[in-house]
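Worksheet for the structure shown next.
Sequence lines set the chain letters: A, B, ... in the order given, protein chains first and strands last, and positions in each chain run from 1.
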Amino acid sequence: MTQKEIVPMDAIRVRFAPSPTGSLHIGGARTALFNWLYARKTGGVFVLRLEDTDTERFIAAAAEGIFSTLRWLALGWDEGPDKGGPFGPYAQSERKPLYTAEAQRLLEAGSAFRCYCTPDELAQHREEVRKRGEVARYSGRCRHLTEDERRAKEEQGIRPALRIAAPAEGTTVVTDLVRGEVSFDNRASFDDYIIMKSNGMPTYNFACVVDDHTMGITDVIRAEEHLSNTPKQIIVYHALGYPLPRFAHVPMILAPDRSKLSKRHGATAVEEFREQGYLPEAILNYLALLGWSPGDEREVMGIEEIVSMFSLDSVSKHAAIYDVKKLTWINAQYLSNLPIERVVETVLPFFQARNLVSDQPATQEMEYAIRVIDAVRSRIHTLVELADASAYFFSADFSYDEKGVRKHFTKEGVAQVLTRGREALARVEPFTLEETEKAYREVIGGMEISGGALIHPTRLALSGRTVGPGLFDIIVILGKEKCLARLDRAIAFVNACKA
RNA sequence: GGCCCCAUGGUCAAGUGGACUAAGACACCGGCCUUUCACGCCGGUAACCCGGGUUCGAAUCCCGGUGGGGUCACCA
């Protein structure tokens with residue numbers, strides 16, 4: 001390897017730039033993930049920037065919500081609004097002077113002009129043009145205003161917006177890391193669009209360019225919905241004399257009905273998945289597989305493994321429909337294979353919300369919870385299911401499954417069978433898996449009944465359910481005292497039914 | 001409607017001119033294991049959008065349709 005080859009190229013800098021108008025949805029999370037993966041893979045820097053130039057749609061709590069969701073996903077950033085960095089501030093609302101100055105440069109160079117049309121006028125114009133079946137584009141009426149005309153407008157108190165003087169012919173080519181070269185017909189693709197609103201705030205296509213350049217962003221990785229914005233932005237790059245970054249437009253994530261993701265599609269916010277008991281590891285793993293593949297048969301992969309395999313040129317070009325079923329399967333894989341401590345840690349809040357475990361559990365209480373979790377975790381898919389399937393270990397306050405009652409508590413002689421089981425368990429010492437099972441097998445043999453004839457009613461008596469971990473696991477975890485009490489209760493229940 | 005992108009089973013996907021009688025995963029269906037449900041294991045159903053080219057040969061390259069998606073705001 002020559003000296004030249006080992007000199008690092010300029011560090012990669014990527015950014016995720018959410019708008020604080022709502023919560024982080026899975027599409028945004030996937031974009032953040034790809035940026036993060038690319039930064040980790042290349043040893044680059046991951047920047048978080050807040051695109052909060054829309055004062056109308058701004059939601060005060062949204063930014064903090066997005067930050068905390070990203071943190072929960074463990075997609076940490078190197079520079080951002082909360083922690084600063086050498087290219088701050090990282091919220092667009094705090095960068096107004098920059099946009100104003102750059103817009104001024106454009107104005108002076110004749111690459112931008114003031115527009116005094118009101119939103120109403122523009123909307124009306126669009127309407128008329130569309131009625132005629134023509135393409136609605138800005139008329140250009142303010143592009144060549146004389147000094148006098150402009151002064152007259154100013155005197156009327158009209159605050160102008162700023163428009164870019166865009167080329168009306170030729171083509172603009174976007175070189176994209178995932179799509180190759182995409183060329184746009186300038187005339188048909190955009191017009192003299194607004195770069196500064198009359199309230200002094202920049203619009204997206206302007207602020208984005210100024211920030212990406214001034215923040216030293218080398219690779220703009222974003223969703224495909226921005227592909228058709230890119231030629232417009234390139235116009236600004238050229239007008240301002242900025243060099244172009246590399247662009248990579250990753251495929252969109254669509255709802256199961258093939259439409260763009262929105263609230264009406266059920267859970268789409270990462271927070272909702274969190275509440276439903278999905279692990280961040282599983283969500284990240286699933287999202288990585290949406291639009292990207294390691295190229296072989298691997299599916300369940302830790303984040304480090306994903307980082308090591310990740311590459312933008314193995315990102316697919318077509319949109320992906322997200323499938324909760326597969327996410328759920330991956331989640332189940334993590335729940336049954338992750339170190340038990342990790343599962344315990346994540347499920348604890350779900351247990352506490354159901355008052356299964358106290359807020360400050362003592363060592364003994366935790367040890368019990370761990371045994372329960374370990375017994376249950378391989379047969380559930382989410383933390384919510386895990387908590388539900390564990391409830392009877394913590395509380396005897398449950399009713400019997402109806403079908404189970406019909407099937408196992410109505411048979412002739414059940415009370416007798418349960419009583420014999422109870423007596424056997426009462427005598428077992430030590431109360432271990434082997435000994436309890438041995439005792440039960442003896443009852444089964446002695447009564448000349450099938451194993452199920454004792455086992456099924458006992459399961460129902462102890463848990464209220466017909467499904468769950470192995471019966472003797474349940475018995476041993478619960479302990480002798482609780483088992484006897486629950487069997488007594490069940491025997492009484494069966495007798496009461498008969499009467 | 002203009003512009004742009006995309007197109008392998010229901011879904012995610014491998015595939016970059018011959019190894020394709022098209023991998024793997026989820027889901028679904030069967031079987032095994034088991035005291036139950038899961039897990040696990042074994043097996044099955046199911047796809048190259050259509051039409052033209054190019055080529056000895058096309059899922060793969062080209063063109064045209066069709067379909068889906070995105071975008072056309074003083075939203076981002």
Using a 4.0 Å heavy-atom cut-off across all strands, classify [X] as base, sugar-phosphate, or nothing.
| X | answer |
| --- | --- |
| Ser316(A) | sugar-phosphate |
| Arg57(A) | base |
| Gly291(A) | sugar-phosphate |
| Arg187(A) | nothing |
| Ile194(A) | base |
| Thr21(A) | nothing |
| His249(A) | nothing |
| Ser336(A) | nothing |
| Met201(A) | nothing |
| Cys117(A) | base |
| Gly468(A) | base |
| Thr466(A) | base |
| Pro469(A) | base |

Between [N] and [M], how many Å separate the two [atom1] atoms, rounded to a whole number?
| N | M | atom1 | result |
| --- | --- | --- | --- |
| rA14(B) | rG24(B) | P | 15 Å |
| rA25(B) | rA47(B) | C1' | 15 Å |
| rC41(B) | rC26(B) | P | 9 Å |
| rA13(B) | rC3(B) | P | 29 Å |
| rC48(B) | rG17(B) | C1' | 15 Å |
| rU45(B) | rC63(B) | C1' | 36 Å |
| rG10(B) | rC28(B) | C1' | 9 Å |

Margin query: Assuming nearest nucleotide by heavy-atom distance, tell me which of Glu181(A) and Leu289(A) is located more 5' along RNA chain B.
Written below: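 This one resolves to Glu181(A).
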Check: On RNA chain B, nearest-nucleotide positions of Arg258(A) versus Ser19(A): which is more 5'?
Finding: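 With Arg258(A) and Ser19(A) compared, the 5'-side residue is Arg258(A).
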Just compare [options] and give me whichever is closest to any side-chain atom of [X].
| X | options | result |
| --- | --- | --- |
| Leu227(A) | rU35(B), rC4(B), rG24(B) | rC4(B) |
| Lys326(A) | rC74(B), rC26(B), rG40(B) | rC26(B) |
| Gln333(A) | rG40(B), rA76(B), rG70(B) | rG40(B) |
| Glu224(A) | rC5(B), rC26(B), rC37(B) | rC5(B) |
| His318(A) | rG70(B), rA76(B), rU8(B) | rU8(B) |
| Lys325(A) | rC4(B), rC26(B), rC74(B) | rC26(B) |
| Glu297(A) | rC4(B), rU35(B), rA23(B) | rA23(B) |
| His456(A) | rU35(B), rA13(B), rC74(B) | rU35(B) |
| Arg379(A) | rC37(B), rC75(B), rG10(B) | rC37(B) |
| Val182(A) | rA73(B), rC5(B), rU35(B) | rC5(B) |

Could you state the atom-to-atom distance from [atom1] of [X] to [atom2] of [N] in whole Å?
| X | N | atom1 | atom2 | result |
| --- | --- | --- | --- | --- |
| Leu254(A) | rU71(B) | CG | P | 11 Å |
| Phe472(A) | rU36(B) | CZ | P | 12 Å |
| Asp192(A) | rC72(B) | CG | C1' | 14 Å |
| Glu225(A) | rG69(B) | CD | P | 14 Å |
| Lys438(A) | rU35(B) | NZ | C1' | 20 Å |
| Tyr400(A) | rU36(B) | OH | P | 22 Å |
| Asp374(A) | rC39(B) | CG | P | 17 Å |

Notebook entry, point to check: Under the 3.5 angstrom rule, does the side chain of Arg163(A) hit a backbone N or O of Asp192(A) as a donor-acceptor pair?
Noted result: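 Here the side-chain-to-backbone pair exists.
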Item checked: Distance flag, aromatic centroids of Tyr400(A) and Phe409(A), threshold under 6.0 Å ->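 Yes, ring centres under 6.0 Å apart.
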Margin query: Please determine whether side-chain hydrogen bond (donor to acceptor under 3.5 Å, both in side chains) holds for the pair Tyr204(A) and His226(A), giving the CA-CA distance in whole Å, both sets of side-chain angles, and the decisive distance to 0.1 Å.
Written below: CA-CA 11 Å; Tyr204(A) 168 73; His226(A) 292 296; 3.2 Å; yes
Regarding [N], can its base be found pairing with the side chain of [X] as donor and acceptor, where the two atoms are less than 3.5 Å apart?
| X | N | value |
| --- | --- | --- |
| Arg179(A) | rC5(B) | no |
| Asn229(A) | rA76(B) | yes |
| Glu299(A) | rG24(B) | yes |

Would one find a side-chain N or O of [X] under 4.0 angstrom from OP1 or OP2 of [N]?
| X | N | value |
| --- | --- | --- |
| Thr53(A) | rA76(B) | yes |
| Lys260(A) | rU71(B) | yes |
| Thr203(A) | rC75(B) | no |
| Lys197(A) | rA76(B) | yes |
| Gln233(A) | rU71(B) | no |
| His408(A) | rU36(B) | no |

Check: Honestly, is Arg49(A) close enough over Phe16(A), meaning NZ or CZ under 6.0 Å from the six-membered ring centre and within 45° of the axis?
Finding: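 No, Arg49(A) does not sit over the ring of Phe16(A).
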Next item on the list: Answer yes or no for Arg30(A) and Phe34(A): cation-pi contact, defined as NZ/CZ to six-membered ring centre under 6.0 Å and angle to ring axis within 45°.
Entry: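 Checked: cation-pi criterion met.
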For [N], give its Watson-Crick or G-U wobble partner with both distances under 3.5 Å, or none.
| N | answer |
| --- | --- |
| rC75(B) | none |
| rG67(B) | rC6(B) |
| rG43(B) | rC29(B) |

Next item on the list: Carefully, step by step, assess Ser463(A) and Phe393(A) under the rule side chain to side chain contact (heavy atoms under 4.5 Å, CB included).
Entry: CA-CA 8 Å; Ser463(A) 70; Phe393(A) 281 104; over 6 Å; no
Margin query: Below 30° counts as parallel, above 60° as perpendicular, anything between as tilted: where do the rings of Phe247(A) and His249(A) land?
Written below: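 Aromatic pair Phe247(A)/His249(A) classed parallel.
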Notebook entry, point to check: So Trp77(A) and Phe67(A), would you call those rings parallel, tilted or perpendicular, with 30° and 60° as cut-offs?
Noted result: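 Trp77(A) vs Phe67(A) ring planes: tilted.
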